Protein chains: 2
Amino acid sequence: MASIQRTSPANDQRENGRQHVFDAIRQAGRIARIDIARETQVSPATVTAITSELLSAGLIEEITPEGDRTGAKRGRPRVALKVRGAAHLIAGIKISDRSATVILVDFEGQTVGEYDHELPGPVMSAEEIVDLVMRALAGACAAAGRHVREISGVGLGLAGLIDATRNFVHWSPSLDQRNVELGRMLSDAMPVPFYMDNDANLVAKAEQLFGEARNVSDFIVITIEQGVGMGIVIDGKIYRGERGCGAEFGHTKVQLDGALCRCGQRGCLEAYVGDYALLREANIRGSAQPEDDLSALYARAKAGDAMARSIFDRAGRMFAMGLANVINIFDPSLVILSGEQMTFDFLYGSDVLDRVKSSVVQVDAPLPEIRVHKWGDLMWAKGAAACAMEGVSELTIRNLGADAA
Amino acid sequence: MASIQRTSPANDQRENGRQHVFDAIRQAGRIARIDIARETQVSPATVTAITSELLSAGLIEEITPEGDRTGAKRGRPRVALKVRGAAHLIAGIKISDRSATVILVDFEGQTVGEYDHELPGPVMSAEEIVDLVMRALAGACAAAGRHVREISGVGLGLAGLIDATRNFVHWSPSLDQRNVELGRMLSDAMPVPFYMDNDANLVAKAEQLFGEARNVSDFIVITIEQGVGMGIVIDGKIYRGERGCGAEFGHTKVQLDGALCRCGQRGCLEAYVGDYALLREANIRGSAQPEDDLSALYARAKAGDAMARSIFDRAGRMFAMGLANVINIFDPSLVILSGEQMTFDFLYGSDVLDRVKSSVVQVDAPLPEIRVHKWGDLMWAKGAAACAMEGVSELTIRNLGADAA
DNA sequence: ATCATTTAATTTGATCTTTGAAAAAAATAG
DNA sequence: CTATTTTTTTCAAAGATCAAATTAAATGAT
């Protein structure tokens with residue numbers, strides 16, 4: 001097995017090069033050595049050296065040249081390289097309040113299998129979560145005709161305040177206790193690297209690796225699930241504040257002494273756009289029977305019900321204000337609004353986006369691009385898989401040097 | 001003279017090492033080689049090699065050992081190294097609406113001279129600014145008994161939207177035109193590197209090099225002058241969004257469709273806490289003669305005038321809300337509130353800080369530290385000098401390799 | 001067919017850096 | 001005066017990167 005120890009001094013430099021080259025290959029999908037050299041600013045000689053290492057380690061593979069021959073008409077044809085999917089099997093799991101969704105992907109990011117595991121209840125003990133994860137992984141593997149032992153890394157997505165650097169759960173709505181060393185417990189139950197993070201960062205990773213933010217080094221992702229989440233990527237890395245719990249977009253205040261939030265404070269954005277906030281308003285306004293179905297409320301708004309429409313309107317205005325604040329602070333080049341169906345209609349609509357644009361500081365430079373990305377319900381699990389994939393890549397490449405000895 | 005060309009491949013690595021070591025020395029003030037090795041994770045052998053280069057280049061110097069002998073009782077005594085102040089003379093200039101303040105510092109950051117230059121008027125043409133800078137530098141040098149030609153770098157602070165990476169002024173209240181290549185014009189007038197930035201980033205640099213944020217890699221600085229500014233430091237570097245004009249804290253919205261801001265939008269924080277916002281309120285409220293002196297208004301508030309007090313109260317509440325939002329988004333380890341006298345009393349008071357703390361998402365981890373830093377009126381110029389100092393250091397060290405050839 | 005041409009990839013030799021280990025230097029304790 | 005301790009420097013070994021030269025693999029032209 002590979003060891004973590006530092007082997008030789010210059011090995012450090014080489015590891016860096018390997019990481020660079022591998023990233024370039026993953027980003028490009030398929031790319032010839034000469035183009036890697038151009039992109040990474042590394043000499044062709046070194047690219048040859050590094051790719052040959054990666055090839056013999058089985059992490060990448062050559063593509064048998066097809067009849068494309070783009071560009072050049074003469075000369076030795078370039079042979080493209082790509083990540084070798086079979087090199088690793090990666091799992092991503094997202095635990096929501098109803099179920100655990102698992103996705104299996106290969107090292108290229110191709111989906112190998114999906115699986116959904118019902119939850120006994122929305123809140124569990126740490127031991128139950130560990131057990132659940134193990135059974136979900138087993139189920140997913142069985143369904144895909146793979147074996148659990150083939151998995152080389154697992155990403156886990158949880159709502160709440162997660163410290164991803166320590167695989168530590170400050171708090172999660174799925175857990176019945178605070179401050180859990182969940183990462184350690186999982187590693188004890190299954191000897192593969194685990195990677196945990198909160199929902200929004202998950203989606204940020206997914207956008208970066210598979211989605212709208214490929215080749216973008218600074219961007220922001222906003223997601224809406226139960227609450228409102230934000231993922232910040234600066235310089236290619238997820239930014240996670242000091243205590244590992246930054247980007248609490250949902251709890252930025254949009255109104256002085258405003259509506260009561262479930263966090264106990266007043267005026268949080270979430271207290272205006274969250275599910276419970278919308279339903280609360282609908283109920284207060286004197287409807288005969290208590291409203292508890294958001295889609296029904298939404299249907300009424302669409303049908304023209306003034307009261308229902310007003311509820312969604314205010315949510316949209318507040319959301320626009322919060323988002324504009326984030327843009328004013330970060331001035332990112334790209335903002336991605338990720339979400340599922342309904343979110344789009346009432347929060348990601350053009351009227352809201354227009355409002356955002358008119359609330360951003362104006363300069364003689366184009367406004368940041370706001371892109372809307374409609375994912376399927378596997379978005380979260382895919383993000384978890386993306387995190388694990390990144391982690392496994394880094395680990396494998398680091399260990400290449402040590403193993404060579 | 002030194003050239004910018006890349007010399008050898010591995011030179012890159014060496015430059016990195018030099019930069020690291022030099023930073024360690026500057027940060028520590030005085031430090032022995034063995035401790036540099038410990039801190040930078042570089043071997044003692046390499047530290048010796050690098051420091052000997054820096055020594056012979058005159059950038060650092062050995063300190064004649066004094067009778068301290070901290071710690072160890074036997075063995076060869078460590079000789080401390082420090083930055084050699086005489087290596088460079090650096091100037092920092094801040095242009096406000098009334099005057100241009102110049103500070104001269106040596107390479108250690110020690111103040112060598114100060115100088116204040118009256119402005120003909122608050123708004124000038126680009127040519128007038130260039131001229132003004134030249135005359136201010138000359139004046140400062142004359143007063144300090146130095147020659148302008150000794151200066152190796154100049155930092156310039158301006159209010160407005162500045163793109164520091166290109167030394168480009170999108171807009172500044174001091175300039176009568178937009179989109180000015182001020183950096184190029186200055187370089188044409190005087191052949192030294194110029195470094196420009198907006199006020200808040202300036203102060204952030206000053207805090208990082210000379211102030212409260214030494215050895216802190218992630219922090220936020222809030223400053224109040226005419227408007228409200230923010231500087232963000234992530235991973236030791238100033239964060240400047242995509243268009244080079246992020247961190248527009250003053251124009252984050254704290255009220256939906258709120259008070260009119262001079263930027264033309266509604267609800268900006270600045271429209272509640274800026275000088276003009278406070279005076280505007282005071283005047284609207286039916287006082288006999290128009291109020292145009294903020295300190296008079298403030299005195300009335302302190303004396304118990306309910307109306308005046310209410311004005312400052314609201315400003316404080318809005319400020320707290322905006323600051324809490326920033327903290328919720330960034331989760332920084334340190335927030336520094338930098339400013340001059342009056343700001344403290346009504347915005348940086350304990351009641352406002354308490355309000356901030358109670359609006360931040362609560363976790364089982366200590367809240368970010370909020371430190372208040374009262375600078376003299378040289379704060380801005382010092383920040384400009386800090387920027388220049390950093391730039392000159394980097395440049396000098398980069399050129400070491402080239403010059404050696 | 002064969003050869004010149006073109007482009008991609010690999011090999012080779014030189015240059016540099018970093019580092020561990022050994023040596024030297026500079027002090028104190030006994 | 002010698003042994004010990006700690007810091008600094010020297011030295012040789014181990015790699016890494018790159019420019020230049022070479023090889024490989026195609027197409028066009030004659």
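Just so we're on the same page: letters track the sequence lines, and every chain starts at 1. Only a predicted model underlies this, so the values are computations on that prediction, with no experimental measurement involved.
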* **Side chain of A:Arg74 (C-beta onward), nearest among C:dT5, C:dA9, D:dT8** => C:dT5
* To the nearest Å, how far apart are B:Ile60 CD1 and D:dT8 P? -> 12 Å
* **Interface with DNA chain C, restricted to residues 41-50 of chain A and to heavy atoms under 4.0 Å** => A:Pro44, A:Ala45, A:Thr48
* A:Thr165 versus A:Arg240, side-chain donor and acceptor atoms under 3.5 Å -> no
* **Rounded interatomic separation in angstrom, taking CD1 from A:Ile34 and C1' from C:dA9** => 8 Å
* To do: Could you list the residues that satisfy side-chain hydrogen bond (donor to acceptor under 3.5 Å, both in side chains) with A:Asn167, not counting sequence neighbours?
  => none
* To do: Only counting residues at least two apart or in another chain, list the ones meeting side-chain hydrogen bond (donor to acceptor under 3.5 Å, both in side chains) with A:Ser56.
  => none
* Asked: Would you say D:dT5 has OP1 or OP2 under 4.0 Å from some side-chain N or O of B:Arg76?
  -> no
* Distance-only donor-acceptor check, side chains A:Arg26 and A:Ser393, under 3.5 Å -> yes
* Structure fact -> Taken to the nearest whole Å, CZ/A:Arg18 to C1'/D:dA16 is 11 Å
* **Nearest-Å distance for atom pair CG/P, residues B:Leu54 and D:dT8** => 15 Å
* Asked: Can you name the residues that form a side-chain hydrogen bond (donor to acceptor under 3.5 Å, both in side chains) with A:Gln19, not counting sequence neighbours?
  -> none
* Asked: What residues, two or more places apart in sequence or in another chain, satisfy ring-ring contact (aromatic ring centres under 6.0 Å, His included) together with A:His20?
  -> none
* Figure out the CZ/C1' separation between A:Arg14 and C:dT18, and round it to whole Å. => 16 Å
* Structure fact -> Looking only at C:dT5, C:dT28, C:dT17, the nucleotide nearest the B:Gln13 side chain is C:dT17
* Asked: For A:Glu61, which residues count as a side-chain hydrogen bond (donor to acceptor under 3.5 Å, both in side chains) partner, sequence neighbours excluded?
  -> A:Lys82
* Asked: Starting at CD of B:Glu62 and ending at P of C:dA26, how long is that distance when rounded to a whole Å?
  -> 11 Å
* Give the rounded distance in Å between these two atoms: NE2 of A:His20 and C1' of D:dT17. => 15 Å
* Asked: So, is A:Arg78 near the phosphate of D:dA26, with a side-chain N or O under 4.0 Å from OP1 or OP2?
  -> no
* To the nearest angstrom, how far is A:Arg33 atom CZ from D:dT17 atom P? -> 16 Å
